[in-house]
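Contents: one structure, followed by commentary.
The chains referred to below are lettered A, B, ... by the order of the sequence lines, with proteins before strands, and numbering in each begins at 1.
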Number of protein chains: 2
Amino acid sequence: MPVQKVTREEVIQKSLPVFRQRGYYNTSMTDLAEACGLQKGSFYHYFDSKESLMKEVLGAVSSYFENKIFAIAYDESLLPVERLQKVLDKQIRAVTNTKGGCLMGNTAIETALLTDEFKPIMEAFFDGYVKALAAIYSTQFSAQAANQLAQQAAMEFEGALILVKMSGKEQLLHDAAHRIVERLKS
Amino acid sequence: MPVQKVTREEVIQKSLPVFRQRGYYNTSMTDLAEACGLQKGSFYHYFDSKESLMKEVLGAVSSYFENKIFAIAYDESLLPVERLQKVLDKQIRAVTNTKGGCLMGNTAIETALLTDEFKPIMEAFFDGYVKALAAIYSTQFSAQAANQLAQQAAMEFEGALILVKMSGKEQLLHDAAHRIVERLKS
DNA sequence: GTCTATAAAACGATAGAC
DNA sequence: GTCTATCGTTTTATAGAC
């Protein structure tokens, strides 16, 4: 058996920043092959298609956020305001570490009207996000108010990413995070 | 002169919903040709390239918003709260009349990291938007606070469009508009 | 004939798939 | 690497108004 140059997991991890920066449709198999150090034909040994690769990339992002970021919202060893600050801080790091913003938001805008293939995983991601923030807000507000505030936070954060992507002004992200935390205190 | 099937302006107007629904890279000249009732080669009598057509489409959107929607923010025959409600109402109509959300936001996410060609017009659009809302908020707040509130409104609205595009829940847009108006009253 | 909006055909390049 | 399809673009031809 020939040596395996890269694992399936490495292909997913190396494809992620390419999709985030170039978008789904504008990313070619050649782009992905270069990023992974593979011949483009070799991809089909790991994945059925570009679409199924993208699904797994989105799944990896969703798992990461669920386990490493949203989980903080339920950490009862921290005060509510500390949880919220930590979640937002990790989120900002995740989207500013490499360029391209939020893959889920990008992909929603690019594909939501064209294919249903990615919708379940994207909806689950945003649902998990809103539920996590709502859990924090619900320590100070009614369940309904907490849910509204959580939805508002998700919108504000995703919207901020659009303006940041265009203008390069990362400060807008920190401003948004500050407002999201302030609303917990009132 | 042979019969002209479409004017230059009609090509722009008929291309707009195609770009909004399919995105820039995923829209082919064949898609645009079908929408305009032309052969794809015939486009090049009106426009140098797909890119220059897109620039003119973005310019048409920008002009429309500037003249028909943002202008309301400066209409002194209306009370501030009335202006804000009217601006948001027109904006919601503009993005829900046909599917696809906000062409400017979509295009920013899709292209901002890949080409600078569309950035000036997109930045001018968002600048005009924030300035318009800031003019309304400044009747109740300091210039700096008004600008922050206007930026926040732009982010919330664009973020809401992402969630609406994915989930189909148009109510999220109305919820966001309600919050944006409420912040003027406080 | 000359001009011009369109159609039709064909170009090289690159797409996703195998 | 090799396939076929399609991409954005260019060229050629045609039809009708001067």
Side-chain angles (χ1 to χ4, degrees), chain A residues 1-8 10-12 14-59 103 106-107 110-111 113-118, chain B residues 1-60 103 106-107 110-111 113-118 121:
Chain A
M1 195 156 60
V3 285
Q4 189 168 9
K5 289 182 69 177
V6 295
T7 66
R8 186 185 165 83
E10 282 171 342
V11 172
I12 292 172
K14 291 185 174 177
S15 298
L16 163 52
V18 183
F19 279 126
R20 183 162 46 195
Q21 289 177 46
R22 303 191 55 82
Y24 176 67
Y25 293 114
N26 193 49
T27 293
S28 70
M29 297 308 288
T30 304
D31 294 330
L32 296 169
E34 281 175 13
C36 297
L38 288 175
Q39 297 292 327
K40 62 174 175 170
S42 307
F43 266 93
Y44 294 84
H45 171 73
Y46 299 91
F47 305 97
D48 291 342
S49 63
K50 179 182 170 184
E51 185 181 84
S52 72
L53 168 58
M54 183 57 155
K55 275 194 219 176
E56 302 224 30
V57 170
L58 292 173
L103 181 65
N106 299 351
T107 308
E110 205 184 347
T111 71
L113 263 44
L114 303 174
T115 173
D116 290 341
E117 285 297 321
F118 308 136
Chain B
M1 192 157 51
V3 279
Q4 182 166 324
K5 294 180 73 172
V6 294
T7 66
R8 186 183 163 84
E9 187 55 35
E10 282 170 343
V11 170
I12 293 172
Q13 289 304 325
K14 291 185 172 179
S15 298
L16 163 51
V18 182
F19 279 127
R20 183 162 45 193
Q21 289 178 43
R22 301 192 56 82
Y24 176 66
Y25 293 114
N26 193 49
T27 293
S28 69
M29 295 308 288
T30 304
D31 294 330
L32 296 169
E34 281 174 14
C36 297
L38 289 173
Q39 292 294 321
K40 63 176 177 170
S42 304
F43 268 89
Y44 294 83
H45 271 269
Y46 296 94
F47 305 97
D48 291 342
S49 62
K50 178 183 171 183
E51 184 179 86
S52 73
L53 168 59
M54 183 58 156
K55 276 194 218 175
E56 302 223 32
V57 170
L58 292 173
L103 181 66
N106 298 352
T107 307
E110 204 184 348
T111 72
L113 261 47
L114 303 173
T115 173
D116 289 342
E117 285 297 320
F118 308 136
I121 186 145

Rounded to the nearest angstrom, tell me the gap between atom [atom1] in [X] and atom [atom2] in [N].
| X | N | atom1 | atom2 | result |
| --- | --- | --- | --- | --- |
| B:Asn26 | D:dG8 | CG | C1' | 14 Å |
| B:Gln39 | D:dT14 | CD | C1' | 13 Å |
| B:Glu34 | D:dT6 | CD | P | 12 Å |
| B:Gln4 | C:dT4 | CD | P | 12 Å |
| A:Lys50 | D:dA5 | NZ | C1' | 15 Å |
| A:Leu38 | C:dC18 | CG | C1' | 15 Å |
| B:Met29 | D:dT10 | CE | C1' | 12 Å |
| B:Glu10 | C:dA5 | CD | C1' | 13 Å |

Counting distance only, does the side-chain N/O of A:Glu110 pair as donor-acceptor with the main-chain N or O of B:Gly23 below 3.5 Å? no

Look only at the side chain of A:Arg8 and the backbone of A:Tyr46, and say whether a donor-acceptor pair between them is shorter than 3.5 Å. yes

Along DNA chain C (nearest heavy atom to each residue), the more 5'-positioned of A:Gly41 and A:Asp31: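 It is A:Asp31, whose closest nucleotide lies nearer the 5' terminus.
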
Applying a 4.0 Å non-hydrogen cut-off, can you work out what B:Ser42 is touching in the nucleic acid: base, sugar-phosphate, or nothing? base

With heavy atoms under 4.0 Å as the rule, sort B:Thr7 into base, sugar-phosphate or nothing. nothing

Pair A:Leu38, A:His45 - check side chain to side chain contact (heavy atoms under 4.5 Å, CB included), show working. CA-CA 11 Å; A:Leu38 288 175; A:His45 171 73; over 6 Å; no

Has A:Gln39 got more than 12 heavy atoms of other residues, nucleotides or ligands less than 6.0 Å from its CD? no

If only side-chain N and O atoms of [X] are considered, is one of them under 4.0 Å from the OP1 or OP2 phosphate oxygen of [N]?
| X | N | value |
| --- | --- | --- |
| A:Ser28 | C:dT14 | no |
| B:Tyr44 | D:dT9 | yes |
| A:Thr30 | C:dA15 | yes |

Considering only heavy atoms and no angle criterion, is a donor-acceptor pair shorter than 3.5 Å present between the side chain of A:Lys40 and the base of D:dG1?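 Answer is no: no donor-acceptor pair is held.
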
Does the Lys NZ or Arg CZ of B:Lys50 fall within the cation-pi geometry relative to B:Phe43 - under 6.0 Å from the ring centre and within 45° of the axis?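 The answer is no; the distance or angle limit is not met.
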
